[in-house]
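Naming convention: chains lettered A, B, ... in sequence-line order (proteins, then strands); numbering from 1 in each chain. Atom set for the values below is all heavy atoms of this structure, side chains included, hydrogens, waters and symmetry mates excluded.
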Protein chains: 4
Amino acid sequence: MSHKVKVAVVGASGYSGRELLRLLLLHPNAEIVAVTSRQHAGKPLTEEFPRFRGVAQADALSFVAPNITNITQSGAKIAFLALPHGVAHEFAAPLLDAGLRLIDLSADFRIRDAKVYAEYYDHAHPEPALLDEAVYALPELRADEIKKARIIACPGCYPTSVLVSLVPLLRAGLLDDSPIAVSSMSGVSGAGRKESLPFLFCECNESLRAYSVPKHRHLSEIAQELDIAASRKVRFTFVPHLVPVNQGICTTIFTGLRNGVTVDDVAKAYATVYAGKPFVRLLGNGQCPDTKNVTGTNFIDVGWAFDQRADRLILMSAEDNLVKGASGQAVQNFNLACGYAEHTGLTVL
Amino acid sequence: MSHKVKVAVVGASGYSGRELLRLLLLHPNAEIVAVTSRQHAGKPLTEEFPRFRGVAQADALSFVAPNITNITQSGAKIAFLALPHGVAHEFAAPLLDAGLRLIDLSADFRIRDAKVYAEYYDHAHPEPALLDEAVYALPELRADEIKKARIIACPGCYPTSVLVSLVPLLRAGLLDDSPIAVSSMSGVSGAGRKESLPFLFCECNESLRAYSVPKHRHLSEIAQELDIAASRKVRFTFVPHLVPVNQGICTTIFTGLRNGVTVDDVAKAYATVYAGKPFVRLLGNGQCPDTKNVTGTNFIDVGWAFDQRADRLILMSAEDNLVKGASGQAVQNFNLACGYAEHTGLTVL
Amino acid sequence: MSHKVKVAVVGASGYSGRELLRLLLLHPNAEIVAVTSRQHAGKPLTEEFPRFRGVAQADALSFVAPNITNITQSGAKIAFLALPHGVAHEFAAPLLDAGLRLIDLSADFRIRDAKVYAEYYDHAHPEPALLDEAVYALPELRADEIKKARIIACPGCYPTSVLVSLVPLLRAGLLDDSPIAVSSMSGVSGAGRKESLPFLFCECNESLRAYSVPKHRHLSEIAQELDIAASRKVRFTFVPHLVPVNQGICTTIFTGLRNGVTVDDVAKAYATVYAGKPFVRLLGNGQCPDTKNVTGTNFIDVGWAFDQRADRLILMSAEDNLVKGASGQAVQNFNLACGYAEHTGLTVL
Amino acid sequence: MSHKVKVAVVGASGYSGRELLRLLLLHPNAEIVAVTSRQHAGKPLTEEFPRFRGVAQADALSFVAPNITNITQSGAKIAFLALPHGVAHEFAAPLLDAGLRLIDLSADFRIRDAKVYAEYYDHAHPEPALLDEAVYALPELRADEIKKARIIACPGCYPTSVLVSLVPLLRAGLLDDSPIAVSSMSGVSGAGRKESLPFLFCECNESLRAYSVPKHRHLSEIAQELDIAASRKVRFTFVPHLVPVNQGICTTIFTGLRNGVTVDDVAKAYATVYAGKPFVRLLGNGQCPDTKNVTGTNFIDVGWAFDQRADRLILMSAEDNLVKGASGQAVQNFNLACGYAEHTGLTVL
């Protein structure tokens, strides 16, 4: 029998939590020993998520209240935090003190600069010291640090879709300094699983709308990572849109190439960075990704094209916001952190 | 009893044709005297479009074959051409010769320059002389010419959504010359009502995808009109996306303001151009339009925002691709052409 | 200028309220003088329902608190009550005392027998005397009483879809006494416009589910009306299903014909009852209705078929749950009550 | 390394074929050695199904023409036939002669009586001798025969949803002989992956409709199996409905209990038949299944309720039409046929 690492899922009743459970239930090297939910404590897991009925490990689990004791006494060595922003950090210090490693799906440890965090999240970061330690964990770009980290801060769903397209090109110095424009569309699960009028079926179905213009919170982490990749201040605009699908993010980016750079250089930069990376699928020049090819999976599909008329490079990506954009990436980081092959438990189709 | 103008709908079996019929059936000053369809000739209209059953005028109509005689003998004074691109122009000269005026929903008469037409539509324009005469008929921007025109070339769905946002700002000289990036999302009806695998329900539902990158045919008419508005060559990129709604286009545009221009100047430019225009609803700074507020109607909602971080102006619009983007606009042009109030028959909600 | 009746819409922030506003804004003989909402009092109507922006009458309206004074002082002669069940009756007596007529979209006055009401709605009816006076107002079946009624109790959405199919056949004595089985599917707007987890987009999209089995509240009014039509106790089962569309009810009924009755008798019974009724469209034997042909309209489409193998008659209907199933029917009743042609303001497509 | 059985997927370009590929690609004991498609012969598999890109086995496959030689020379021991009805039987005799076993997803070998086949499928069965040999392969009900069969005829999607609910009750003699009424809703993938106007996105989205009333082809196999289970002629009516989801069937059945039979007897009959069956999940009395809990999986969820008012038993089931209703069941049968545990390769969530 293969070795299994005991894990806790803290905040298991949302959509990211549900996807995380789905993936961990199928993972050969993970054993879920605690699932927490403030609201559902005491309730069998499969009552809230009937999809998991009949899976032995799921049938045996009930939600427990999200307190430190419940988590530490479960024997978990790793805690996944699938909590709302601003809640995850309450768990960080005590769980670290108890010897657990953290894989955080919230935004709480993504921002290196506490001042930037305060600007975007409207309150001072309560654990600024831990910010230094946390790794912004895009596994294709920062695997070595993830392997050793105690706090693995999983990127947001939009940032993943943007950074996978842009970082290799910025690192290679292929882009000019004209403002980058990012237009993203997200499925409604991105809004979370909570009672809310704007996300009722009838408010979202047959509806297309931009939102959080011009200053979505995810800007802060995108900016941080673009600047690092480019070793300069990168100007970019980001407009997210809500569209009527359950899962999926489709991102289109408009940017400019430096003089003399060709679309072949773009292909080469991608090929170099993503060689041997199982979850980034490079579709090629002129190819448009479609979210329906990635939903439910940990893949992110990347295409690009050059518009000569306007001298603009167009970058396109498609991912599942809950999987590569959240829980799948978290499991990918879990694999790195535990020394498993990166795709373990993630060969879902 | 109010006076009624006899009209023919040539190519009435597609989605634009269906919407046109819907609006004309409700129009107090239009009488549909002929509906053509190659495929359905002889069939009662309501057999193909059961929605119209029980409406006296619809119950009385059957499709006829799309030949000139059928149209001219119907007594129609105005022919709406809701035909595929490349077919409409076959009808133009004979119908004009027979004394009819044409309201064309296809792309056949939108492009002034026959060379540009040939480049984008892959064949020489068969009636270049008529191109000179045709009016690119965005009613909010060119009402006077529409009133007198014999060939009223209705703008495409995407172009309408782009031009309503951009033209007033280009006319007023508010924008700098950095490349404009346009990201549009369209409902599936934009692909037409014809047997086609990529537009099956299961191929579109739960799918988000860009397409026709980087050279969608609509580029040609957008370019033409932006250049006219700006009195210069305007560089822009356009990426359309297909999303799972029936009707609706949501367009987001990224552009730059000239030095010293403020977001208030943007508001003023819009207010000036659209004062008294019943179908352009200016939502204001920081407001995001939602297609669900315009579907089925002839409204186009316009919002905007300025992103200081990146020095970019964001323009947003929402319309129904089949109504304001096609058939509603055609009826609006019909009203102008016939001297009726612009909103006649278009007060649908 | 045509005469206009002043009306109040009490409870205007839900989906039925919104549809009612849509229809009344287009109605040539209605003038909306008050719209109430507990939650939105003071807010401009178009802020909550941006779809109505640009319609002069809508732009002039703001929500007021739902108290009797606000309604009576508005000058309204008729009050539409689009309130939740159990709330509408609070308004009934005072508004009647003030001389208004009531068109109630809730279930509060649909049940003739206060004991049945108490059984299904879990509390004693507070105004049992008014139950006697109220008319269960299916306009195709009870026009004469509606014309004179002070309390017009509009049927529920499911009941309308069932009764239009069954009542003519029961009245004509065509059906045997085997149990009738009713399977209905409804769009999500039927669940109302309120914050609720089960009706979030992601909980309804890609989901098909029965609910309220075996005792949905609508059973009570269906039973009442079937028994009246048959002049006997009719046994029937009703299973509603929630399906991912915004609007629409599709109902399929399985029943048995009395010995010697043929499917032609079915057609005749329908033709007799629905002759001259503008909103019931009889599709004929072997024809299946489709909700997409009725959404947004006040039509109800009716088809039927006989399955010889099993000796069962199948009845099928399609309506828009918010229009013919609620607000359209309310306006149809308004027309009857005020002496206007039944289709006035309802020629929407 | 685990032993792998070489399999061919004949007719791999439809939705059932795609799902079959998905499951076989994940199956530890199957090796796909041939995928056929008349239309796509020569094309890489992942070009038609980009979802499978990056999966080594899929990347190595290209479609071949569907001829016997291609299949036999591939080394396949088992051929899955995911072909249209009326095409599969052309492959049967030659493949059997070549020593392969067949798992047929079409209707070609489901009907025991060649006369019934001819009545429902409009042509004489070309291989009536093979009908005798074929097993109607609902694995929960006929595992022993499946293990030995050369022709495994997988049940249709609707029949599976009906039979899983009804057969245990008929076998146990719990139901009276009143006509059974079946109302089913299916996602659009049930219509197949072929160019067709009625299944375009805009024709299905926001649409609910019954079809094939009163004589759907699936009646024939349902009738056959109900009669076998009851050892008598069972009268039943079946009305399928098309609803806007990709995958999923929700079936509701109305039937009558024999005198003295209780709802507890129903529960017991189910518990007896489905004990130890991993894919039938018994939700219990009063519980309504939801397709969203089974999509993508091989589970079928079963609930029931008794309506005392009308003396009717209501049975409800939910399955994925492409998985438990087609390809998952085929893989389940593959497991039985090859001696693997029934759930091998089917623990997808």
How many angstroms lie between atom CG of D:Leu197 and atom OG of B:Ser13, to the nearest 0.5 angstrom? 9.0 Å
Got a second to check how far B:Glu203's CD is from D:Tyr15's OH, nearest 0.5 Å? 3.5 Å
Applying a criterion of heavy atom separation less than 4.5 Å, what residues of residues 241-251 of chain B form contacts with chain D? B:Pro244, B:Val245, B:Asn246
Sorted by number, residues from residues 182-196 of chain B in contact with chain D (heavy atoms, under 4.5 Å): B:Val188, B:Ser189, B:Gly192, B:Arg193, B:Lys194, B:Glu195, B:Ser196
